[in-house]
Amino acid sequence: MKIAVFSARPYDQQFLDEASQRRGAGQLFEFLYFDAALDLHTAALAQDCEAVCVFVNDRLDAPVLQALQVLGVRAVLLRCAGFNNVDLAAAGQRGLFVARVPAYSPEAVAEHALALVMTLNRRTHRAYNRVREGNFMLDGLLGRTLHGKTVGIVGTGQIGLATARIFNGMGCTVLGHDPYPSAAFAAIGTSVALDELLARSDVVSLHCPLTPETHYLIDDASLAGMKPGAMLVNTSRGGLVDTHAVIRALKSRRLGHLAIDVYEQESGLFFQDRSGDIIDDDAFQRLMTFPNVLVTGHQGFFTVEALQEISEITLRNLADFATGAACPNQVLAA
Ligand code: NAI
């Protein structure tokens, strides 16, 4: 079976090939790697393939799914947890099998959220440059002791729980908001309404999926309800945050810090080298001008352990599809 792997970076190829060798799946599956992201123009690359393997910024809307089906594609394998980029209803109508990797080292993303918080709070990104230039002044590097502060976790699933455990271990009070609060979270934190979480938290970290309900969860109104000077961290999906509202809150000094690993319009930027280009996304460029904003390019998942896990589970999903076995990671329309 041939599988077209879209948005394939060298590390994707390395880890998928290694997992394939470990499982002895080389004779069964032939991976064709394409650097291009999947969209209506690139779908034709999946000619002769029975499956496509895709990532967060590949487009799987109804027209793309139709084009894939016409080419003979029967399965969509997501190399990620989120599936907001797939029109599941259209996939279902076309009988396409869709599977994801629901959990791969949730700690990898949680640890990245911590790295963002620590960097912004203690200004290590600024200190790094300053010291390399021989400037050892401390002015402008003043942070806050996190021990004893309150951290609000929106979405206390796998990654939210791992994040909550980290901050609990640092001596923070942990608040959580989730429509389905878990017993595991109750052991370390307190579940509260979103309004209360925003009002009480010094750090708010987003870990819920992007759905129509959570789109712009952080907007002008919710920012106005946050503790003045608080830090907002988003390692989940860009669409959770209204970027223009956040810029307004940063300009008014209401929002103290912003750290994001995801951005609503990231598909034209992230995972690409745009260093020689003029970037015409004015909102993104405005964010870059704030000294209290830190942006990373969707690297929360990017650890050796997580990439190994993603490749293993993707191959398992593929094997389930190929053999017709029940796949625990299949995603169906609601
Ligand atoms: P999960 O499914 O284990 O947890 C998500 C939690 O959010 C669930 O407990 C759910 O009940 C809750 N939730 C749903 N609607 C909510 C709402 N309106 N308010 C508050 N909570 C709500 O998912 P997991 O594995 O923890 O992943 C969370 C998100 O992290 C994914 O949806 C994905 O978008 C993002 N992610 C980002 C990565 C990165 O590299 N930056 C890597 C992996 C995932």
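All values below come from the heavy atoms of this structure, side chains included, with hydrogens, waters and symmetry mates left out. Indexing begins at 1, ligand by ligand and atom by atom, following the structure's order.
Heavy atoms only, all atoms of each residue included: Ala46 and Val52 are closest at CB-CG1, 3.8 Å. Closest non-hydrogen pair, Asn85 versus Asp58, comes out as ND2-O, 2.9 Å. Of all non-hydrogen atoms in His177 and Leu197, the two that sit nearest each other are N-CD1, 3.6 Å. Residues Ala283 and His244 approach most closely at CB-CE1, 3.8 Å, considering heavy atoms.
Within ligand 1, counting atoms from 1 as listed, the ones closer than 4.0 Å to a heavy atom of Gly300 are 40 (O). Using a 4.0 Å cut-off to heavy atoms of Thr214, the atoms of ligand 1 that qualify are 17 (C), 18 (N).
Test Phe271, Tyr33, Phe301, Phe302 against Tyr11 for ring pair (Phe, Tyr, Trp, His ring centres under 6.0 Å) and you get one pass: Phe302. Only one option out of Leu287, Leu294, Leu120, Val295 pairs with Leu258 in a side chain to side chain contact (heavy atoms under 4.5 Å, CB included); it is Leu287.
Between Phe6 and Phe34, the angle of the ring planes lies from 30° to 60°, which puts this pair in the tilted group.
Of the N or O atoms in Glu213, one or more lie within a sub-3.5 Å distance of an N or O in ligand 1. At under 3.5 Å, a nitrogen or oxygen of Asp178, whether backbone or side chain, sits near a nitrogen or oxygen of ligand 1. Considering backbone and side-chain N/O atoms, Leu217 never comes within less than 3.5 Å of an N/O atom of ligand 1. Considering backbone and side-chain atoms alike, Gln299 places every N or O at 3.5 Å or more from each N or O of ligand 1. Geometrically, ligand 1 and Pro179 share no nitrogen or oxygen pair separated by less than 3.5 Å.
With a 4.0 Å heavy-atom cut-off, ligand 1 is reached by no atom of His112. Contacts between Asp261 and ligand 1, counted as non-hydrogen atom pairs separated by less than 4.0 Å, involve the side chain only. Using a 4.0 Å cut-off between heavy atoms, Tyr104 contacts ligand 1 through its side chain alone, with no backbone atom that close. Contact annotation for Gln158 and ligand 1: heavy atoms of both the backbone and the side chain come within less than 4.0 Å of the ligand.
Heavy atoms of Pro102 come nearer than 4.0 angstrom to ligand 1 in at least one pair. At least one heavy atom of Ser236 sits closer than 4.0 Å to an atom of ligand 1.
Protein heavy atom in closest approach to atom 37 (C) of ligand 1: Thr235 O, 3.1 Å. When only non-hydrogen protein atoms are considered, atom 28 (C) of ligand 1 lies nearest to His207 O, 3.3 Å.
Within the 4.0 Å cut-off (strictly below), a protein heavy atom is located near atom 18 (N) of ligand 1. There is a protein heavy atom less than 4.0 angstrom from atom 13 (N) of ligand 1.
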Quiz prompt | Stepwise salt bridge (charged side-chain N to carboxylate O under 4.0 Å, His left out) check, Arg165 with Glu107 | solution = CA-CA 10 Å; Arg165 286 193 173 123; Glu107 289 77 15; 5.4 Å; no
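Side-chain contact, Asn317 with Thr314: no donor N or O sits under 3.5 Å from an acceptor N or O. A donor and an acceptor atom, one from each side chain of Asp17 and Ser20, are nowhere located under 3.5 Å apart.
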